[in-house]
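Data block below; observations after.
First listed ligand is number 1; within each ligand, the first listed atom is number 1.
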Amino acid sequence: MDVIQVQDASVPALGLGTWQLTGPRCRETVQTALEMGYRHVDTAQAYGNERQVGMGIQAADVDREDVFLVTKLDGGNRSARRVRQSARESMNRLGTDSLDLLLIHWPNLPWMPALSETLGAMNDLVDDGLVDHIGVSNFSPSLLDEARELSDAPILTDQVQYHPYWDQRKLLDYCRIHDVLLTAYSPLARGGVLDDPALVQIGNRYGKSPAQVALRWLVQQPGVAAIPKASSREHLDANLAIFDFELTDEEMAEIRSPSKAKTGYHYLRSQLPF
Ligand code: NAP
């Protein structure tokens with residue numbers, strides 16, 4: 001497993017996404033993933049599965065301090081009081097004394113407390129030793145810039161949708177200049193990459209599936225981590241097996257094709273629940 005050095009953190013380049021994993025299935029999947037070698041787990045208050053994620057971590061034969069554990073603040077928890085309270089509630093559910101990374105899940109909407117208030121309280125959690133790093137999710141480059149200005153603690157990552165059909169070059173350029181990790185969510189375009197002819201063809205050269213090529217394409221970009229969700233042992237295993245081959249520059253460019261990004265964007269928009 002490659003590890004990305006960003007600021008003072010070491011972040012495993014591949015994590016386990018847990019959105020839509022619930023109940024015993026969630027606990028078992030987290031446990032299996034950790035025992036296979038995953039060391040980065042992504043959850044959120046909004047996923048309603050922190051308790052099962054925590055149970056999976058405890059059941060696995062892995063030290064808690066070896067797992068990079070991420071959760072995210074829900075929209076109703078953006079006031080200073082709720083940031084502090086709800087982060088502690090998340091830690092209780094996750095069965096941990098501290099979080100490796102706490103994110104703002106989506107930008108604060110106009111009727112929510114100001115971003116400065118949310119970030120201020122997240123900074124307090126860092127000062128109190130309850131949270132190692134803070135970050136944001138679904139922030140544009142300009143909003144990320146504002147967050148960096150408002151926060152004393154560095155913003156470790158912007159977690160955004162990123163895969164071959166979603167162009168994030170502008171954000172990636174910004175992140176590289178300012179030493180911010182880009183964490184790619186929905187890295188398989190929620191299954192959209194699986195029958196992509198270009199990915200199939202490239203994968204055939206290496207004996208890899210289109211999903212593995214899409215993940216390799218992401219983690220081969222400096223400063224990018226990916227957090228695919230997988231629930232079968234077969235998919236968990238396949239997604240880990242992306243560190244034993246390397247795409248050529250031509251293949252990297254082919255996968256990034258702008259015409260594909262446009263087609264895929266429209267395809268994917270129709271699949272999104274918002
Ligand atoms: P995704 O990871 O792009 O796709 C998940 C789908 O791909 C599942 O149906 C999974 O099937 C399948 N899959 C996984 N590995 C595969 C493989 N090797 N071959 C074939 N199919 C495979 O989509 P996602 O769940 O939207 O995104 C991943 C994670 O990102 C989420 O779980 C969540 O943690 C995070 N996320 C964050 C935000 C945010 O706003 N910050 C938004 C969305 C997602 P099985 O489950 O059957 O294995």
- Could you name each residue pair satisfying salt bridge (Lys or Arg N to Asp or Glu O under 4.0 Å) that touches residues 101-123, not counting sequence neighbours? none

Every pair of nitrogen or oxygen atoms between ligand 1 and the protein that is under 3.5 angstrom apart - can you list them with their distances to 0.1 Å?
| residue | atom | partner | partner atom | Å |
| --- | --- | --- | --- | --- |
| ligand 1 | 2 (O) | K229 | N | 2.9 |
| ligand 1 | 3 (O) | P187 | N | 3.4 |
| ligand 1 | 3 (O) | L188 | N | 2.8 |
| ligand 1 | 3 (O) | A189 | N | 3.4 |
| ligand 1 | 3 (O) | R190 | N | 3.0 |
| ligand 1 | 15 (N) | N239 | ND2 | 2.9 |
| ligand 1 | 18 (N) | N239 | OD1 | 2.8 |
| ligand 1 | 26 (O) | S186 | OG | 2.8 |
| ligand 1 | 26 (O) | R190 | NE | 3.0 |
| ligand 1 | 27 (O) | S186 | N | 3.0 |
| ligand 1 | 32 (O) | T18 | N | 3.2 |
| ligand 1 | 32 (O) | W19 | N | 2.9 |
| ligand 1 | 34 (O) | T18 | N | 3.2 |
| ligand 1 | 34 (O) | D42 | OD2 | 2.7 |
| ligand 1 | 36 (N) | Y47 | OH | 3.4 |
| ligand 1 | 40 (O) | H105 | NE2 | 3.3 |
| ligand 1 | 40 (O) | N138 | ND2 | 2.9 |
| ligand 1 | 41 (N) | S137 | OG | 2.8 |
| ligand 1 | 41 (N) | Q159 | OE1 | 2.9 |
| ligand 1 | 46 (O) | K229 | NZ | 2.7 |
| ligand 1 | 46 (O) | S231 | N | 3.2 |
| ligand 1 | 46 (O) | S231 | OG | 2.7 |
| ligand 1 | 47 (O) | S231 | OG | 3.4 |
| ligand 1 | 48 (O) | S231 | N | 2.8 |
| ligand 1 | 48 (O) | H235 | ND1 | 2.7 |

- Message: Checking side-chain polar atoms at under 3.5 Å, does T71 have a donor or acceptor matched by the opposite partner on E50?
- Response: yes

- Residues R84, E89: salt bridge by 4.0 Å N-O rule: no

- Check the pair Y165 / D196 against side-chain hydrogen bond (donor to acceptor under 3.5 Å, both in side chains), numbers first and verdict last. CA-CA 11 Å; Y165 313 130; D196 185 298; 2.6 Å; yes

- Item | ring pair (Phe, Tyr, Trp, His ring centres under 6.0 Å) pairs, two or more places apart, involving residues 108-155 | none

Considering only distance and modelled atom types, tabulate donor-acceptor pairs under 3.5 Å from the side chains of residues 215-230, sequence neighbours left out.
| residue | atom | partner | partner atom | Å |
| --- | --- | --- | --- | --- |
| R216 | NE | Q220 | OE1 | 2.8 |
| R216 | NE | F245 | O | 3.0 |
| R216 | NH1 | I242 | O | 2.9 |
| R216 | NH1 | F245 | O | 3.3 |
| R216 | NH2 | Q220 | OE1 | 3.3 |
| W217 | NE1 | M252 | O | 3.1 |
| Q220 | OE1 | L247 | N | 2.9 |
| Q220 | NE2 | L247 | O | 2.8 |
| Q221 | OE1 | Y162 | OH | 2.6 |
| Q221 | OE1 | R256 | NH2 | 3.3 |
| Q221 | NE2 | Y162 | OH | 3.4 |
| Q221 | NE2 | W217 | O | 3.0 |

